[in-house]
> 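This is the structure I want to talk about, given as structure tokens.
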Amino acid sequence: MPKNKLLMLVGIAATAVLVVVGIIWASSVKQPDTFSDQNPSSVNQNEDTPTDMDDMSDSDMEMMDDSVTPTPPPPPTTVTPPPTTTTSPPTPPTPPATVTVNVSISNFAYVPAELHISPGTTVVWTNNDSAGHTVTSESGIELDSVLLGNGESFSHTFNTSGEFNYLCKPHPWMKGKVIVQ
Ligand SMILES: [Cu+2]
């Protein structure tokens with residue numbers, strides 16, 4: 001019977017179509033489920049992170065506000081060091097310039113025989129004779145040299161004003177004078 005066969009074919013085809021459609025539907029329904037099941041965390045993350053971001057953003061904003069609130073910078077603590085007073089040692093009083101005057105003893109004579117000097121002046125007698133001579137005060141002890149040989153010298157600094165007459169012991173006629181004023 002061809003008619004029955006046709007109906008059966010149509011019925012089979014219809015069932016097949018139904019089965020295929022059912023499979024497709026099932027698969028199409030399952031796939032979203034599987035996706036949602038496979039990625040719940042991701043979905044949650046995607047959903048949570050925005051809220052977290054919002055929360056964080058709020059808190060951050062508050063934090064930012066707190067941090068942004070301009071805390072006045074601490075005043076610059078200018079620690080001025082105490083003036084270092086370099087205590088330079090007191091300069092000692094400069095001694096007066098030592099003035100030296102030379103007197104030559106030659107030919108049994110003091111040359112020059114009379115000196116005018118200021119207090120503090122040093123007089124140096126040098127014996128240029130072969131004979132020995134001294135520089136000895138006529139009175140007092142201001143001048144009292146040893147016997148000077150040839151080329152030897154005797155020096156004395158006159159610190160007090162006055163007239164100082166001296167002579168040579170071996171040759172008392174040799175006389176000289178120093179006037180300090
Ligand atoms: Cu003499």
Side-chain angles (χ1 to χ4, degrees), residues 41-42 44-181:
S41 62
S42 67
N44 287 335
Q45 282 181 353
N46 288 333
E47 289 177 355
D48 290 341
T49 47
T51 57
D52 289 345
M53 286 292 285
D54 291 341
D55 293 341
M56 289 297 288
S57 67
D58 290 342
S59 64
D60 286 345
M61 287 300 285
E62 289 177 358
M63 291 290 287
M64 287 292 285
D65 289 338
D66 290 341
S67 66
V68 167
T69 49
T71 56
T77 59
T78 57
V79 180
T80 57
T84 58
T85 58
T86 56
T87 59
S88 58
T91 56
T94 57
T98 57
V99 177
T100 300
V101 177
N102 292 302
V103 174
S104 174
I105 303 173
S106 61
N107 293 327
F108 294 83
Y110 303 103
V111 180
E114 183 172 317
L115 278 180
H116 292 260
I117 60 173
S118 300
T121 302
T122 298
V123 180
V124 180
W125 288 266
T126 301
N127 183 11
N128 295 311
D129 279 345
S130 56
H133 298 291
T134 68
V135 178
T136 306
S137 291
E138 285 190 19
S139 63
I141 56 172
E142 184 78 15
L143 299 172
D144 187 15
S145 77
V146 298
L147 185 66
L148 302 175
N150 177 262
E152 292 180 337
S153 298
F154 168 73
S155 64
H156 181 78
T157 300
F158 293 87
N159 291 317
T160 57
S161 58
E163 279 193 22
F164 302 91
N165 297 298
Y166 60 92
L167 51 73
C168 176
K169 276 184 185 174
H171 318 103
W173 66 91
M174 293 172 57
K175 290 188 177 180
K177 179 186 289 187
V178 176
I179 299 170
V180 182
Q181 60 183 6

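Keep in mind that this is a model prediction, so the values were computed, not measured. Atoms within each ligand, like the ligands themselves, are counted from 1 in listed order.
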> Got a sec, which residues hit ring-ring contact (aromatic ring centres under 6.0 Å, His included) with F164, two or more places apart in sequence or on another chain?
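Here the qualifying residues are F158.
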
> Quick one: do the S104 and T126 side chains pair a donor with an acceptor below 3.5 Å?
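Side-chain D/A pair, S104 to T126: absent.
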
> Has the side chain of T134 got a donor or acceptor atom that lies under 3.5 Å from a matching backbone atom of K169?
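Pair found, side chain donor or acceptor close to backbone of K169.
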
> Using a cut-off of 2.8 Å, how many protein N, O or S atoms lie below it in distance from the Cu ion (ligand 1)?
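Of the protein's nitrogen, oxygen and sulfur atoms, 3 lie under 2.8 Å from the Cu ion (ligand 1).
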
> Report the relative orientation of the aromatic rings in H171 and W173; use parallel for angles under 30°, tilted for 30 to 60°, perpendicular for over 60°.
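Perpendicular: the ring planes of H171 and W173 meet at over 60°.
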
> Look only at the side chain of N165 and the backbone of K177, and say whether a donor-acceptor pair between them is shorter than 3.5 Å.
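A pair under 3.5 Å: no.
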
> Pick one: which of Y110, F108, W125 meets ring-ring contact (aromatic ring centres under 6.0 Å, His included) with H133?
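Answer after filtering Y110, F108, W125: F108.
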
